[in-house]
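Take a look at the structure set out below.
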Amino acid sequence: MNKIRIGYSEMTAVLVILIGMKAFIGYPRMITEHGATAGWLLPIASGALALGLWLIIARLLERFPGKPLTAITELLLGPGLGIAVNLIMFCYFLVTTGLLLRIFSESVILSLLPETPLSAIAVFYLFGAWYALYYGVEALARSSYIALVYIGIGLVTSLAALFPYYDFRMIFPVMGFGFGSFLKSSVFEISSFGEVIALAYLVSYFSSSDRAKIKKIGVWSMGVVILLFTSMVTVYLMVLPYPTSTETFVPIYQLYRSIFLGHYVQRVEAVFVIFAAFTAIMRIAIGLFVTLQILKDTLKIPYYRPLLGLFSLLLFTIAFTPQNIVETVKLESLFSMYYGGAITFGLPLLLCAIAFLGGKGEKAK
Amino acid sequence: MANFWEKLEEKLFNFKNARYQEKFILEPGNEDKTEDKGEGKAEDKGEAKGQAKGEGEEKALDKAKDADQDKGREQEKDQAGDKDKEQNQAAAGEKEDKERDADQDKNKLKKPRKPLPLHKQKEKRSGKPEDLYVSMDLETNREYLNKIYALSKNKDMIIRDFYIATKPPLKAFLIFIDGLTDKNIINNDILKSLMVLIDEGEIVEERGRLAEYVMEHLLPGHDVALLDQYRSILDLVNYGNTAIFIEGCDKSLVIETKGWDRRGVGIPQTEEVIFGPHEAFNETLRSNTGLIRKALRNEKLITEIQKIGSRTNVDVAIMYIDDLANPKLVEEVKHRIASIKTDYIGVAGILEQFIEDAPFKLAPQVLTTERPDRVVSFLVEGHVAIIVDGSAQALIVPVTMFSLLHSPEDYYLRVPYGNFLRVLRVLALFITLLTPGLYVSVVNFHQEMIPTELLLAIAAAHVIVPFPTIFELFVMEFAFELIREAGVRVPGVIGNTIGIVGALILGQAAAQAGIISPILIIVVAITGLASFAIPNYSISFGLRFIRFVFTILAAFFGFFGISGGLFLFLVTMVSMKSFGVPFLAPVGPPVKTEPDVVLRGPVWSMEKRVDYLTPLDEIRQPKISRGWIKNTRGGKQQ
C-alpha cells in the first residue's frame, strides 16, 4: 500500500499544471486556427464537454473504490488486453511529454537563449524533472501547489499589463467560421483536457477520505484550466487578432513582447518567461511521473525511482526524434490537442461501457 | 602467580578488617546479631551472606559480592535513563528507606563489606574502577580515587583529610576539583560545620548509619546526595560538587558546591532588538534554564536532563510544556539525543548536527537562538527547546522556513510596523538570493530589458574592465566574503576598521583601477546588506551559498537558469522536514494556521496554535480575547 499521500489542493494544482501548461505554448495559436474569432469560446465549449466525460469516468472510479485505472482496466479487460490498453496510455503520456520537452526547449532558444545548444536546454529541463521526482511526488505536488499561486499572479499581471492593447472588436463574430465548424472544433478540442485522466491513475496517492473527492478534484482543476484557456485566448485574440494570431510559434511570448508601460517597463518578456520556464519544468516532471506511475502499476513494480534515469534518457530521445520544430509542433498539436482525446477519453469511456453494461464493479455488486 | 596475588590481597583485607574492628567500639554480641539478621533476610544479598556460615566464608562472600553486583546492575539499569543529580538523590533516599526498614536494630554496627580485590572486580565488571562501589575502608576509597583520578599527576584534584568532631572523632576526607567549586561553601559550610561547629560531645548513636547521620544532623548544605557507586559520585564531582568519604561508611556524601567563574547574563550578540528584552543566554545551563523559567512561570514547564558525550558528559536540558507539547515530538527529541554515541558534544552547534534530519541540505532544520524570550514564545506554541551546558544558545525544534525568517521584534511592534519589517525581510531574502544572478543574466543575455541610457552607462563602465562579468562578480563576492569573515575573526575595533577599509577603499580602488565596474560594486553591496537583514544567522549562511548556485546558473542560462534554480530550490525546501514537520508548513503542505506566516495579524486574532505541531492544547485564547471591547463581532473588530 502506498504510504505517500497527496492532499486535495496539491493534486488540484498538479492537474492544473498538467493540463493548463498548453496555454504557455501553442494552444492559443491552435485554437484560433480552428475557431478563428470564436477561439475564445472554444475552451468553454470543449471544456464543458470534457467535464461531462470526466464525470462519467469518475463514476467508473466510484464503482471500484481505491483502485487505479490500471487495475480497473485489467479487471474489466483481463490481464492481456488490460496491460495492452494500459501500455497505450503509458505511450501517450511518454510521447506527449517527450514532444513537450522539445517544444519547451525550442521556445527557450527562440525567446531567451538563441545561441545555446538545444540539447543543453533539454538536459537542463530533464535534470529539473529528475531532481523533483528523485525527491518524490510529495515534493512535486507541494511545489506545484506553492508555485501555482505565483504562476497565477505572473500570468494575471502580464495579461493585465496588455490592457492598452485590448481591442474587444476582435473577438467578434462570436461563431467564427460558423456554428457547424464551432461544434466540430469543440468536440475535437476536448483532447486539450485529456490529461485529466492522469487523476484516475493516481488514486493510490489519496487518503481514504480524499478518494471520494476525486471527481471534485477533476471538476475543479478543469474549471481553473477552462478559465485560464479562455482568458488567455481572449487576450491573445484582442491583442493579436485573427489571422495574425495563427502565425506565432509561442503566442504568450509574443504577448509578453508587446508589453509597454512607459519607458522603464518595456521588453519585460524575459521576466515573464521565468514563470513559463518554471511551469514547463514542472509540467515535464509531472508528465514523467504520470508515465512512470502507469508503467509501475501495469508491470507491478514497487518503486519508480530506478526507472527515472532510463526514462529521462528515453524522453530526451523522443524529444529529438522529429526533424525540426515545425514537425514537432504539428505532431504535438495533432496528438495532444486534437486527436489525443480518442486515447485519453475514448479508452476510459470504453471501459465505462463495459463496466456499466456488464454491471461490473464492487459498488455495483 | 594469580593465586599469590589473591592470597596477598586476602591477607591485606583481613589485616585492614582487624584494624577496623579495633578502631570502632563494638558491643559484644552485635556482630553475631548482624550475622543472624543476615540469615533472616529475604534479599539475595542477605541470603548469600546467610549461607556463608554453612558453605565456608570465602564462598559465601563471593556469593555476597555477586549479589552486590547484581544489585548494582539493577541500580545501573534503573539509573541508565536518568542520571540527574536530584534523581540520584531520590534513589539514594529510597535505598536508604529500604535499608532502614530491613534493619530493625539500627544502633548496631554492620559487618563491614569486604572490598573486592581490584583485579577480581575488573574481571567481573566492565574493567573500570569507576564502576566500583564505595568501600567502608577509607584507605581503600582513597586508593580507588587515586587510581581513577591519577592524583599524582592531576594537580587540580584536591583531597582534604579531616576528622568529624564527634565522639569518637570520625576520620574522613573530602575530594573536589579546584576551580570548579566554591571554596567558601567548602570551608564555611562543610569543613567548619563538621570540624568546628559540632558540639564536641556529639555522640553518633546510629553507628550503622553514619553517612545518613552526618547528612541529617551535621551538614547544612541544601543539596546533599548519598551515593554508593563511584560512577554517580564521579559524575557529580566532575561537575563541581564535593564528595565526602567517612571511615566506616560504604556511602559517600556528595554536596553541591558548584562555583566556577561564569559570565553573567549579557545582551544578545546576533539577535538584537530595539523593543523587547535585552537578556541573552550565557554558558551556564542552570542560569539559562532559570532565565526561561523566570519568563515562563508555569509548573507544567518540564526540564529533563540527559548526559551526552562519553568523555565530556555534558548535561543537555530538554524543555517543554507538559500539557501542551505533543508527546510524540518530545519522545522523538529525547530519543534522538539519547541515541547519540560520541565522546564529545561541547556546544549546541555540534548537537544540532547530530539531531537534524538532513545534514547536507543548505537550510537549517533547527532554530538556534540566544534569546530566552524567543525560547519562551516557541515553548508556548508547543515546540521543544534544547539547551546544552556550556553553550550560550538554545535549540528549538521543530522549525519551519517561516519561523526562521521571523524576528522576535515582529511581535513586539504594532501590526503595521511588524508587517513592514517582514515584507522588507522577504524582499531582502530575494535580493540576497537573486540580485547577482539577475545582474549577470541581464548584462549577458537580456540586454533588451535595460532602458537604453542605463544600458549605455553599464556598457561605458564595463568597457575598461578586461574581465567577463561573471569573473568580476565572483571576485567581488569573494572579496566581500573575505571582509565578512575577517571582520568576525579580528577583534572588536580592528574588525570594524577592516570592514570599512575593505568595503570602501578596496572597492573604490578596484573600480578606479578598471578591474571591477562601479555598478557591480553596487550590486554586491546591496546583496551583502540584504543578507544581513536575514534574522537567522544559520539560514543566512545557506542563502549566501545558494546565491552562488543561482549566479552560476544565470551565467550559463540567463533567466532560464534562474527559473530552473528557483524550481530546484523550491523542491528542495519542500522535501525537507524538521522532526517530522514539513519545512514549508503551513504553506506546503497547506494546513490550517492563524495569520502568522509571511505577514502577521494582530496578536488578539491568533486564537489557535499552529496545526502542524498538533499540540495538546490547540486554543491559545478565546475568540474574544479583549474583554474590554463592547459589541464584538467574533472578537475581530467592532
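Because only heavy atoms are used, hydrogens play no part in the values below, and waters and symmetry mates are left out as well, while side chains stay in. First the proteins, then the strands, lettered A, B, ... as listed; each starts at 1.
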*Heavy-atom distances under 4.5 Å only: say whether A:Leu113 touches chain B with side chain, backbone, both or neither.*
side chain
*Which atom pair, heavy atoms only, marks the closest approach of B:Gly565 to A:Phe124?*
N-CZ, 4.5 Å
*Output the distance between atom CZ (A:Arg257) and atom CD (B:Glu448), rounded to the nearest 0.5 Å.*
8.0 Å
*chain B contact via A:Tyr145 - side chain, backbone, both or neither, heavy atoms under 4.5 Å*: side chain
*Gap separating the OG atom of B:Ser441 from the CD1 atom of A:Ile274, nearest 0.5 angstrom*: 7.5 Å
*Under 4.5 Å, heavy atom to heavy atom, which residues of residues 554-564 of chain B contact chain A?*
B:Phe557, B:Gly558, B:Phe559, B:Phe560, B:Gly561, B:Ser563, B:Gly564
*So does A:Lys215 have more than 12 non-hydrogen atoms from other groups sitting under 6.0 Å from NZ?*
no
*Taking C-beta and beyond as the side chain, do B:Pro590 and A:Glu10 meet within less than 4.5 Å on heavy atoms?*
yes
*So, do A:Glu138 and B:Ser575 sit near enough that their side-chain heavy atoms are less than 4.5 Å apart?*
no
*Is B:Glu332 atom CD crowded by more than 12 heavy atoms from other residues, nucleotides or ligands, each under 6.0 Å away?*
yes
*Hey, are the side chains of A:Glu269 and B:Met449 touching, using non-hydrogen atoms and a 4.5 Å cut-off?*
no
*Under 4.5 Å from a heavy atom of chain B, the part of A:Val149 involved*: neither
*Sort B:Leu584 into side chain, backbone, both or neither according to what part of it lies under 4.5 angstrom from a heavy atom of chain A.*
side chain
*Which pairs count as side chain to side chain donor-acceptor pair (under 3.5 Å) when at least one residue sits in residues 107-122 of chain A, sequence neighbours excluded?*
none
*B:Leu553, part contacting chain A, at a heavy-atom distance under 4.5 Å*: side chain
*Could you go through the side chain to side chain contact (heavy atoms under 4.5 Å, CB included) check for B:Val571 and A:Tyr131 one step at a time?*
CA-CA 8 Å; B:Val571 168; A:Tyr131 185 84; 4.2 Å; yes
*How long is the gap from OH on A:Tyr150 to CG on B:Leu566, to the nearest 0.5 Å?*
11.5 Å
*Distance in Å, B:Leu570 CG paired with A:Ile146 CD1, rounded so as to fall on 0.5 Å steps*: 5.0 Å
*asked:* Between B:Gln447 and chain A, with a heavy-atom cut-off of 4.5 Å, which part of the residue counts as in contact: side chain, backbone, both or neither?
replied: neither
_A:Tyr165 atom OH: more than 12 heavy-atom contacts under 6.0 Å_ = yes
*Check the surroundings of atom CZ in B:Phe430: do more than 12 heavy atoms from other residues, nucleotides or ligands lie under 6.0 Å from it?*
no
